[in-house]
Amino acid sequence: MTSTTRFKLSAMMFLEFFIWGAWFVTLGAFLNNNLKATNSEIGSVFSTQSWGAIIAPFIIGLIADRYFNAERILGVLHIIGAILMYQMYNAPDVSVFYPYVLAYMILFMPTLALVNSVSFNQMKDAEKEFANIRVFGTVGWIIAGLLISFAFHWDSPEGIQAGLLKSTFLMAGIASLVLGLFSFTLPATPPKVAKDEKIKLGDILGLDALKLLKDKNFAVFFISSILICIPLAFYYQNAGLFLADIKVSNPTGKMAIGQVSEALFLLAIPVFFSKYGFKKTIIVGMLAWAVRYILFAYGNAGSLSFMLIIGIALHGVCYDFFFVSGQIYTNSKAGEKFKSAAQGIITLATYGVGMLIGFKVAGLITDMYKTGNVTDWKMVWIIPAGIAAAVFLLFAVLFNDKTKSEIETKTV
């Protein structure tokens, strides 16, 4: 890979995740304060991510893999996304905002696969090269959060009161337009499938991978993956709103600690696997969700603010030790024939079905413990902590896969 190509791919990853981090972290606070949305309505808006994850395989399978270069589709989707972002910026209420955010997420979620496709197409050894490119995505997300909190102060109590959080959509829209135009300069990534070759619905959805569910341990993992997304949704939907509501200073910037943690713990997974195996690694990830929410439940913006910081910093353990470990485990179980299909079905189950259920539950629970403008955040966080603990026990008791050596081989 040439230095020019490496720079272009790194810039692509930076912009891709800068765009997402520029508005998604503060979305809950924006909806609550700017559009006066109920928590059920906030849950519905966040659920658009899940609908995007469910629909994304059709866009990739039916269009990107057959007719057009991936980098060109990436460009078109982000240019349209910039227009939708501008409409979200101008939306006066949730009823106007929702159709635009739904359309945006249906178009944005496929771009997560497209940037990977463009990157992998230029790599000779993806296992060694991809992480060095992908890390710029995490950097982009972190920079977006730092700009919001420390440069523009849009998430300060005064900024929120003045309605400045809407500016996040303008910033994301500008970045989306830049990436859209920049995408046409990226290395060519032609279609993988011939236009006249038939593609089955099962191929697009990865339904062949459902055969893996005949394995009891994989079935336990699959169900646990869906269930753990319920407490995960509470974090995505409520963390930014919670920190802003209890008047934590620079909340978006502090939430970027989670992305730093994610990058660091990603490096620890191979070591943890080799020493403890898959089961212990993944149950640590599950347990971390419960611990994180207990810290959120009992922490505050004053003398106990360190509990909130620790809870945010646990994001690397929560996400990497469960989701990344799960991807590696799935890869080891699927075999060569079903690798892509298996990863697709897990993504559909987690970010699609699991998160869809999770955002609905999170919205209902948060509304249940809100009286007027006051939210009982202690109970809002204790409930997902209990759900995460229950999933932890379910997995710890029922999962008995002994294929540690198989996973070690995959992570060496």
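Just so you know, residue 1 is the first one in the sequence shown, and it goes up from there. The basis for the numbers below is simple: all heavy atoms, side chains too, and nothing from hydrogens, waters or symmetry mates.
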J.: Tell me if the CZ atom of F136 is crowded by more than 12 foreign heavy atoms within 6.0 Å.
T.: no
J.: Got more than 12 heavy atoms from elsewhere within 6.0 Å of OH, Y298?
T.: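 Open.
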J.: Anything under 3.5 Å between a donor and an acceptor, one on a side chain of residues 289-297, the other on a protein residue two or more places apart or in another chain? List them.
T.:
residue: W289; atom: NE1; partner: C318; partner atom: O; Å: 3.4
residue: R292; atom: NE; partner: G311; partner atom: O; Å: 2.8
residue: R292; atom: NH2; partner: G311; partner atom: O; Å: 3.3
residue: R292; atom: NH2; partner: I312; partner atom: O; Å: 3.3
residue: Y293; atom: OH; partner: P231; partner atom: O; Å: 2.3
residue: Y293; atom: OH; partner: Y235; partner atom: N; Å: 3.3

J.: So, N217 versus K279: side-chain donor-acceptor pair below 3.5 Å or not?
T.: no
J.: Can you check whether G43's main-chain N or O pairs, donor with acceptor, with S47's side chain at less than 3.5 Å?
T.: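 Side chain of S47 to backbone of G43: a pair is present.
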J.: Among I133, N132, V135, which one satisfies side-chain contact (heavy atoms from CB on, under 4.5 Å) with S10?
T.: I133
J.: Aromatic contact between F272 and F265, with the criterion being ring centroids under 6.0 Å apart: yes or no?
T.: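 Centroid distance F272-F265: not below 6.0 Å, so no.
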J.: Please check if any side-chain donor atom of K360 sits under 3.5 Å from a side-chain acceptor atom of S44, or the reverse.
T.: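 No, S44 and K360 have no side-chain donor paired with an acceptor closer than 3.5 Å.
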J.: Could you check N33 against Q161 for side-chain contact (heavy atoms from CB on, under 4.5 Å), going step by step and ending with a plain yes or no?
T.: CA-CA 8 Å; N33 292 282; Q161 187 68 29; over 6 Å; no
J.: Got a sec, which residues hit salt bridge (Lys or Arg N to Asp or Glu O under 4.0 Å) with D93, two or more places apart in sequence or on another chain?
T.: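 In terms of salt bridge (Lys or Arg N to Asp or Glu O under 4.0 Å), with neighbours along the sequence ignored, D93 is linked to no residue.
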J.: Of L179, L74, I73, I19, which meets side-chain contact (heavy atoms from CB on, under 4.5 Å) against T111?
T.: L74
J.: Only counting residues at least two apart or in another chain, list the ones meeting side chain to side chain contact (heavy atoms under 4.5 Å, CB included) with V25.
T.: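 V25 satisfies side chain to side chain contact (heavy atoms under 4.5 Å, CB included) with W141, T252, M255 once adjacent residues are dropped.
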J.: Can any side-chain N or O of T185 pair as donor or acceptor with the backbone N or O of F182 at less than 3.5 Å?
T.: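 Such a contact is found between T185 side chain and F182 backbone.
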J.: Determine whether the aromatic ring centres of residues F169 and F30 are separated by less than 6.0 angstrom.
T.: yes
J.: Taking the six-membered ring for Trp, are the ring centroids of W377 and Y369 within less than 6.0 Å of each other?
T.: no
J.: Should we count CZ of F184 as having more than 12 external heavy atoms under 6.0 Å?
T.: yes
J.: Would L232 and F323 satisfy side-chain contact (heavy atoms from CB on, under 4.5 Å), going step by step from the backbone distance to the final call?
T.: CA-CA 11 Å; L232 170 62; F323 286 96; 3.5 Å; yes
